[in-house]
Amino acid sequence: MGSGTVEQEGSSSSSEKKTSPGKAAILALGKAFPHQLVMQEFLVDGYFRNTNCDDPDLKEKLTRLCKTTTVKTRYVVMSEEILRTYPELVVEGRPTVKQRLEICNKAVTQMAIDASKACIEKWGKSVSEITHLVYVSSSEARLPGGDLYLARGLGLSPETRRIQLYFMGCSGGVAGLRVAKDIAENNPGSRVLLATSETTIIGFKPPSADRPYDLVGVALFGDGAGAMIIGTDPIPVTERPLFELHTAIQNFLPDTEKTIDGRLTEEGISFRLSRELPQIIEDHIEEFCDKLIRNVGFSDLDYNKIFWAVHPGGPAILNRMEKRLDLTPEKLNASRRALADYGNASSNTIVYVLEYMLEESSKTKKKDEEDGEWGLILAFGPGITFEGILARNLTV
């Protein structure tokens with residue numbers, strides 16, 4: 001597994017803004033990926049070859065989808081070696097959930113370990129100082145859960161207080177950040193490790209004319225892991241806060257449970273996204289964001305004065321948000337870059353977006369441009385559930 005080793009932008013202590021006393025802040029970010037890198041232009045031929053399918057209509061449809069997703073590269077756990085070991089994964093109708101979980105449980109644990117180690121290295125403190133662990137995944141199922149295996153793999157103290165969030169889909173990363181914020185603020189002096197890890201093997205299937213919607217996932221989703229350290233009252237010099245987490249909220253939309261529909265079956269996860277999802281998000285995004293920004297006196301007239309760290313569920317969601325909120329194109333740069341480079345990696349993707357946000361902030365600071373200190377961290381998941389955090393970028 002590969003881990004992110006890029007230096008965190010804006011970490012110079014001379015330019016840091018101070019955090020508010022008792023408010024949680026992100027102190028470090030880390031990421032990791034499986035070794036298999038897939039270029040989008042080669043995905044279609046490889047997928048149909050590996051699944052022994054020669055349906056020209058489905059192949060043409062997937063080719064179109066691969067272009068519209070705007071994804072350029074992705075990392076995946078799936079490999080030819082796995083398919084040689086488990087050939088039944090490409091046989092329609094075979095009960096393979098046991099085999100999938102054998103692969104997924106091991107893979108997500110290793111990626112979470114790698115991402116956490118990268119994050120802890122950037123944090124610069126000892127693993128022994130981690131007091132709490134929040135683990136997020138929609139790609140495994142076992143007892144004990146992945147939180148225990150991650151804690152053991154990192155050498156965390158047996159007294160580390162753990163919590164896991166399972167099957168929250170794309171909103172899981174921001175949900176985990178909300179939970180980590182609550183833990184940090186209610187346990188002064190604590191340091192919370194948030195780790196997310198996902199692989200698409202849990203839902204990998206051969207193409208089928210009976211399930212054309214599966215091709216959206218093939219064209220869009222990627223694998224990987226992310227990690228953050230969250231705590232209050234950073235120690236001067238030795239800890240460098242990146243984002244202060246001011247206010248966190250969660251809303252679900254009644255009667256939208258079937259819009260993002262996932263079920264664990266004998267063949268793995270069966271997953272379906274409704275065509276109405278981008279429109280539903282567009283219809284409700286402004287009201288949700290206003291609930292957050294009014295906490296610091298902003299209004300909808302100030303949308304382009306704040307930063308936007310949005311989980312990139314797909315280009316249609318980003319496009320509709322940009323149009324509804326009248327955002328200038330650069331406001332969603334970090335989200336679009338994460339989507340292009342990693343695909344929609346479910347709960348992990350918000351970590352990649354925040355890393356790009358720091359990079360974008362560094363560029364504007366070097367150009368002496370004013371950029372938003374305040375902003376929103378957003379994600380949307382099954383429910384339909386909106387997760388949002390009003391945050392301060394402490395590096396601008």
Side-chain angles (χ1 to χ4, degrees), residues 1-6 28-38 73-86 89 96-123 127-128 130 132-158 160 162-169 172-173 176 192-204 221-229 264 268-269 341-352 355:
M1 305 288 177
S3 61
T5 57
V6 178
L29 297 165
K31 61 182 183 292
F33 304 98
H35 293 304
Q36 187 91 350
L37 176 65
V38 176
T73 55
R74 277 177 291 170
Y75 293 88
V76 296
V77 171
M78 180 60 80
S79 65
E80 292 183 359
E81 180 182 355
I82 288 175
L83 289 176
R84 284 194 297 268
T85 305
Y86 300 94
L89 294 180
T96 52
V97 68
K98 178 182 177 182
Q99 296 92 316
R100 292 171 191 275
L101 289 175
E102 284 178 2
I103 303 166
C104 293
N105 291 345
K106 180 179 178 181
V108 294
T109 296
Q110 189 57 56
M111 289 189 293
I113 290 171
D114 292 343
S116 298
K117 286 182 175 178
C119 183
I120 293 167
E121 182 178 354
K122 290 179 182 179
W123 178 39
V127 68
S128 64
I130 294 172
H132 297 74
L133 171 64
V134 178
Y135 175 70
V136 180
S137 183
S138 297
S139 305
E140 63 154 276
R142 53 182 160 172
L143 293 173
D147 60 318
L148 181 78
Y149 294 100
L150 174 57
R152 190 178 69 179
L154 292 173
L156 297 183
S157 165
T160 303
R162 314 183 319 272
I163 187 168
Q164 58 184 3
L165 304 178
Y166 269 4
F167 293 104
M168 301 193 74
V192 186
L193 171 63
L194 166 63
T196 66
S197 194
E198 308 285 4
T199 173
T200 50
I201 283 182
I202 193 70
F204 179 88
F221 292 109
D223 299 355
M228 307 186 207
I229 297 289
L264 187 59
I269 281 186
D341 292 346
Y342 307 114
N344 179 343
S346 193
S347 65
N348 311 315
T349 322
I350 199 62
V351 176
Y352 315 151
E355 282 202 333

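At least one side-chain heavy atom of Ile113 sits under 4.5 Å from a side-chain heavy atom of Thr109. A heavy-atom distance below 4.5 Å is not found between the side chains of Thr85 and Ile103. Under the 4.5 Å side-chain criterion, counting only non-hydrogen atoms from C-beta, Val108 is in contact with Tyr135. Annotation: side chain of Leu194 is in contact with side chain of Val136 (closest heavy-atom distance under 4.5 Å).
For Arg142, the salt bridge (Lys or Arg N to Asp or Glu O under 4.0 Å) partners at least two apart in sequence or on another chain are Glu140. Scored by the side-chain contact (heavy atoms from CB on, under 4.5 Å) test, Leu148 finds Pro144, Arg162 as partners (sequence neighbours excluded). By the side-chain hydrogen bond (donor to acceptor under 3.5 Å, both in side chains) test, Thr199 is found to be paired with Asp223, residues two or more places apart in sequence or in another chain being considered. By the side-chain hydrogen bond (donor to acceptor under 3.5 Å, both in side chains) test, Glu102 pairs with Tyr86, sequence neighbours left out. Partners of Thr96 according to the side-chain hydrogen bond (donor to acceptor under 3.5 Å, both in side chains) rule, which considers only residues two or more places apart in sequence or in another chain, are Arg100.
Summarising the geometry, atom CZ belonging to Phe33 is positioned 9.0 Å from atom OG1 belonging to Thr73; distances are rounded to the nearest 0.5 Å. Interatomic distance, CE of Met228 versus CD of Glu355, reported as 9.5 Å (0.5 Å rounding). Once rounded to the nearest 0.5 Å, the distance linking CD1 of Ile229 with CG of Leu193 reads 4.5 Å. Summarising the geometry, atom CZ belonging to Phe167 is positioned 7.5 Å from atom OG belonging to Ser139; distances are rounded to the nearest 0.5 Å.
Contacts classified as side-chain hydrogen bond (donor to acceptor under 3.5 Å, both in side chains) and involving residues 342-351 (residues at least two apart or in different chains) are given here: Thr196-Asn348, Glu198-Ser347, His311-Asn344.
In terms of heavy atoms, Lys122 sits closest to Leu29 at CD-O, 3.0 Å. The two residues Leu154 and Ser116 come nearest to each other via the heavy atoms CD1-CB, 3.7 Å. Scanning all heavy atoms of the two residues, the minimum distance from Ala345 to Tyr352 falls at CB-CE1, 3.9 Å. Pairing each heavy atom of Gly268 with each of Val97, the nearest pair is N-CB, 4.2 Å. Shortest non-hydrogen contact noted between Ala118 and Lys31 is CB-O, 4.1 Å. The minimum heavy-atom distance linking Asp114 with Ala32 is given by the pair CB-CB, 3.5 Å.
Checking side-chain atoms of Ser197 against main-chain N and O of Ala225 turns up no donor-acceptor pair under 3.5 Å. The main-chain N or O of Met168 is found under 3.5 Å from a side-chain atom of Ser138 such that the two form a donor-acceptor pair. Between the side chain of Thr200 and the backbone N or O of Gly222, no donor-acceptor pair lies under 3.5 Å.
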Q.
Determine whether Ile130 and Trp123 satisfy the following criterion, side chain to side chain contact (heavy atoms under 4.5 Å, CB included), listing intermediate values before the conclusion.
A. CA-CA 11 Å; Ile130 294 172; Trp123 178 39; 3.9 Å; yes
(Q) Before you tell me yes or no, could you show the steps for Ile201 and Ile82 under side chain to side chain contact (heavy atoms under 4.5 Å, CB included), namely the whole-Å CA-CA distance, both residues' side-chain angles and the distance that decides it to 0.1 Å? (A) CA-CA 10 Å; Ile201 283 182; Ile82 288 175; 3.9 Å; yes
